[in-house]
Asker: 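Just dropping this structure here.
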Amino acid sequence: MYHDSPAHPAKGYFSWSVKPDGTPNDEMPAPDGEEYFAMSLYFAANRWGMASGIYNYKVEADRLINDLKNIAEESFQARQLCAFAA
């Protein structure tokens, strides 16, 4: 399950565990899972090319890698600011 709501703490990521009906067991991501998703999208782009929308696999993979790289840094900086203000 992909989280696209800006209010969700795992925005930009997938739930790491879901039931067969798609209901999340846990809504938070597993970093290795996100890496596997991104690599799969790069493989798909290489195999089937890039179309538009969700079928532009490379763009989706790049977005996921960017989120992995930058959202964690933004979260870390926010925690530092909160600790500094306390």
Side-chain angles (χ1 to χ4, degrees):
M1 166 180 231
Y2 179 74
H3 301 290
D4 59 359
S5 169
H8 197 283
K11 181 198 179 300
Y13 298 126
F14 295 86
S15 296
W16 80 271
S17 176
V18 294
K19 296 175 184 166
D21 67 359
T23 306
N25 291 317
D26 185 345
E27 292 195 354
M28 298 311 289
D32 60 336
E34 307 306 302
E35 293 167 2
Y36 293 140
F37 287 138
M39 183 55 62
S40 297
L41 289 166
Y42 285 127
F43 286 155
N46 186 56
R47 175 156 179 126
W48 294 294
M50 294 173 285
S52 61
I54 64 169
Y55 299 107
N56 192 336
Y57 304 113
K58 184 179 181 308
V59 167
E60 293 298 318
D62 290 343
R63 183 202 47 77
L64 186 54
I65 293 294
N66 183 60
D67 287 349
L68 280 168
K69 185 178 69 171
N70 295 318
I71 289 176
E73 179 65 24
E74 291 167 9
S75 177
F76 175 74
Q77 289 173 351
R79 285 194 308 270
Q80 284 184 319
L81 289 175
C82 289
F84 181 72

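Sequence positions, counted from 1, serve as the residue numbers for this chain.
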Asker: Tell me who clusters with Phe43, hydrophobic residues only, linked when side chains sit under 4.5 Å apart either directly or through other members.
Answerer: Met39

Asker: Which pair of heavy atoms, one from Leu41 and one from Ala61, lies closest together, and at what distance?
Answerer: CB-CB, 3.6 Å

Asker: Would Asp62 and Tyr42 count as a side-chain contact (heavy atoms from CB on, under 4.5 Å) if you check the C-alpha gap in whole Å, the side-chain angles of each, and the deciding distance to 0.1 Å?
Answerer: CA-CA 9 Å; Asp62 290 343; Tyr42 285 127; 2.5 Å; yes

Asker: Hydrophobic cluster membership, with links at side-chain heavy-atom distances under 4.5 Å among I/L/V/M/F/W/Y: are Leu64 and Val59 in one?
Answerer: no

Asker: Start with the C-alpha distance between Leu68 and Tyr13, add both sets of side-chain angles, then the distance that settles side-chain contact (heavy atoms from CB on, under 4.5 Å), and finish with yes or no.
Answerer: CA-CA 8 Å; Leu68 280 168; Tyr13 298 126; 3.7 Å; yes

Asker: Holding to ring-ring contact (aromatic ring centres under 6.0 Å, His included), I want the full list of residues that pass it with Phe37, two or more places apart in sequence or in another chain.
Answerer: Phe14

Asker: Locate the shortest heavy-atom distance separating Lys11 from Pro6; write the atom from each residue and the value.
Answerer: CD-CA, 3.6 Å

Asker: Roughly how far, to the nearest 0.5 Å, is CG of Asn56 from CZ of Arg63?
Answerer: 11.5 Å

Asker: Which atom names give the shortest non-hydrogen contact between Glu27 and Ser15, and what distance separates them?
Answerer: CA-OG, 3.5 Å

Asker: Just so I know, are the side chains of Met50 and Tyr55 near enough to count as touching, which here means a heavy-atom distance under 4.5 Å?
Answerer: no

Asker: Quick one: list whatever passes side chain to side chain donor-acceptor pair (under 3.5 Å) with Asp32, sequence neighbours left out.
Answerer: none

Asker: If I compare all heavy atoms of Pro29 with all of Glu34, which pair ends up nearest, and what's the gap?
Answerer: CB-OE2, 3.7 Å

